[in-house]
Amino acid sequence: MVVAVELGLIYAVMALGVYLTFRILDFPDLTVDGSFTTGGATAATLIISGTPPLLATAVAGVAGLLAGVVTGLLHTKGKINGLLAGILTQIGLYSINLRIMGNKANLPLLREETLFTPLRDSALLGTLAAVGIFAVGALVLKLILDWFLHTDIGLAMQATGDNEEMIRSLGVTTDGMKVLGLALSNGLVAVCGALIAQYQGFSDVGMGIGLIVAGLASVIIGQAIVGQRVIFIATLAVVVGSVLYRVVIQLALQAGLEANDMKLVSAVLVVFALVLPQWSVLRRFRPARRLRAVTSGAEA
């Protein structure tokens, strides 16, 4: 179970990237499945060639940024539907990822120096100490994202997702906000891919298939449980949701389900998280809350 929590905290980097597009920009970006693999492939190739792991991870993030920019330009300048733009980039990245990996479907890192080698050598990996280290890293990234979303650019990005026409009338370049948001999102996703490749000891060309479902599950489950009233709570919910998702996956495996069933489990989790609020006992109080809100507005 400790390993599941570790994975959840690492995958929280990807989930925060999905949160940027799914919640902030209100953009259904499917580039994630490709850019995640791009990050893992780039980091693995560079590490094998002798590049320091930290630099390799940073370069992987830049590769993800470029993938997000491509999707953004296809949508904003090419006037291609956002969903289709992400699919096109994802398909193109499959061939690019194979090229990055030297036309190999798998690159092993078992004998290479990675960011996790010190933890593995000191036997801390898989312990509560490693969980604490990963938790600090995830929370630091979360706080940085919170800060960014409260800057002028971050507020403009939020406004672009909330009401594009309104913020455009105020002089904000919404196309630029979309490209920036997609770039940052896929940069985070690629960094997560690089971390996962180093954590598991290999990079595989199919490691990102279906990952968007895991990202959406983390966002939706976390915010259904923790909430999303303010940015601080919403991003914290994403991190919590990522951990809960991996724990549920681990419990499903321990219950006897096969690894091939995990995609189905992910889909069921997302459906459950979307439907649960509608079944909640709190739903019966919504009309009363609306009535109080209307009454308060009338009195004001």
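Numbering starts at 1 and runs along the sequence shown.
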Heavy-atom pair with the smallest gap, counting every atom of [X] and [Y]:
X      : Y      : result
Met101 : Ser203 : CE-O, 3.4 Å
Thr89  : Ala67  : CG2-O, 3.8 Å
Arg246 : Ala214 : NH2-CB, 3.8 Å
Val18  : Val32  : CG2-CG2, 4.2 Å
Ala194 : Ala43  : CB-CB, 3.5 Å
Leu149 : Gln158 : O-NE2, 2.6 Å

Between [Y] and [X], is there a side-chain heavy-atom distance shorter than 4.5 Å?
X      : Y      : value
Leu54  : Pro52  : no
Thr31  : Leu182 : no
Tyr11  : Val243 : no
Ile231 : Ile24  : yes
Phe134 : Leu119 : yes
Val213 : Leu216 : no
Met14  : Ile196 : no
Thr127 : Val2   : no

Where do Thr37 and Leu93 land on the side chain to side chain contact (heavy atoms under 4.5 Å, CB included) test, with the steps shown first?
CA-CA 8 Å; Thr37 305; Leu93 283 174; over 6 Å; no
Within this structure, what is the [atom1]-[atom2] distance for the pair [X] and [Y], rounded to the nearest 0.5 Å?
X      : Y      : atom1 : atom2 : result
Leu107 : Ile48  : CG    : CD1   : 4.5 Å
Ile209 : Gln90  : CD1   : CD    : 8.5 Å
Ile133 : Leu9   : CD1   : CG    : 11.5 Å
Thr235 : Leu16  : OG1   : CG    : 7.0 Å
Glu6   : Leu128 : CD    : CG    : 9.0 Å
Thr21  : Met157 : OG1   : CE    : 11.0 Å

Determine yes or no for a side-chain-to-main-chain donor-acceptor pair under 3.5 angstrom, with [X] supplying the side chain and [Y] the backbone.
X      : Y      : value
Thr45  : Ile100 : yes
Thr42  : Gly39  : no
Ser185 : Gly181 : no
Thr76  : Asp175 : no
Lys178 : Gly161 : no
Gln198 : Leu115 : yes
Ser242 : Val238 : no
His75  : Asn81  : no
Asp33  : Ile212 : yes

Single-linkage hydrophobic cluster, 4.5 Å side-chain cutoff, [X] and [Y] together:
X      : Y      : value
Leu264 : Val248 : no
Leu143 : Val230 : yes
Phe202 : Val3   : no
Leu184 : Val62  : no
Leu65  : Leu88  : no

Starting from the C-alpha separation in whole Å, work towards a yes-or-no answer on side chain to side chain contact (heavy atoms under 4.5 Å, CB included) for Asn97 and Phe36.
CA-CA 10 Å; Asn97 293 336; Phe36 182 85; over 6 Å; no
Over 60° means perpendicular and under 30° means parallel, so tell me whether Phe116 and Tyr199 are parallel, tilted or perpendicular.
perpendicular
If you count heavy atoms of other groups shown closer than 6.0 angstrom to [atom1] of [X], is the number above 12?
X      : atom1 : answer
Tyr94  : OH    : no
Ile153 : CD1   : no
Arg120 : CZ    : yes
Asn103 : CG    : yes
Gln254 : CD    : yes

Does one side chain, of Ser35 or Asn186, offer a donor that lies under 3.5 Å from an acceptor on the other?
yes
Side-chain donor-acceptor pair under 3.5 Å between Gln223 and Tyr19, yes or no?
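Looking only at side-chain atoms, Tyr19 and Gln223 do not form any donor-acceptor pair under 3.5 Å.
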Report the C-alpha separation of Ile96 and Thr38 in whole Å, then their side-chain angles, then the decisive distance to 0.1 Å, and conclude whether the side chain to side chain contact (heavy atoms under 4.5 Å, CB included) test is met.
CA-CA 8 Å; Ile96 293 174; Thr38 300; 5.7 Å; no
Verdict with reasoning, Leu20 to Leu145, per side chain to side chain contact (heavy atoms under 4.5 Å, CB included)
CA-CA 9 Å; Leu20 271 178; Leu145 184 60; 3.9 Å; yes
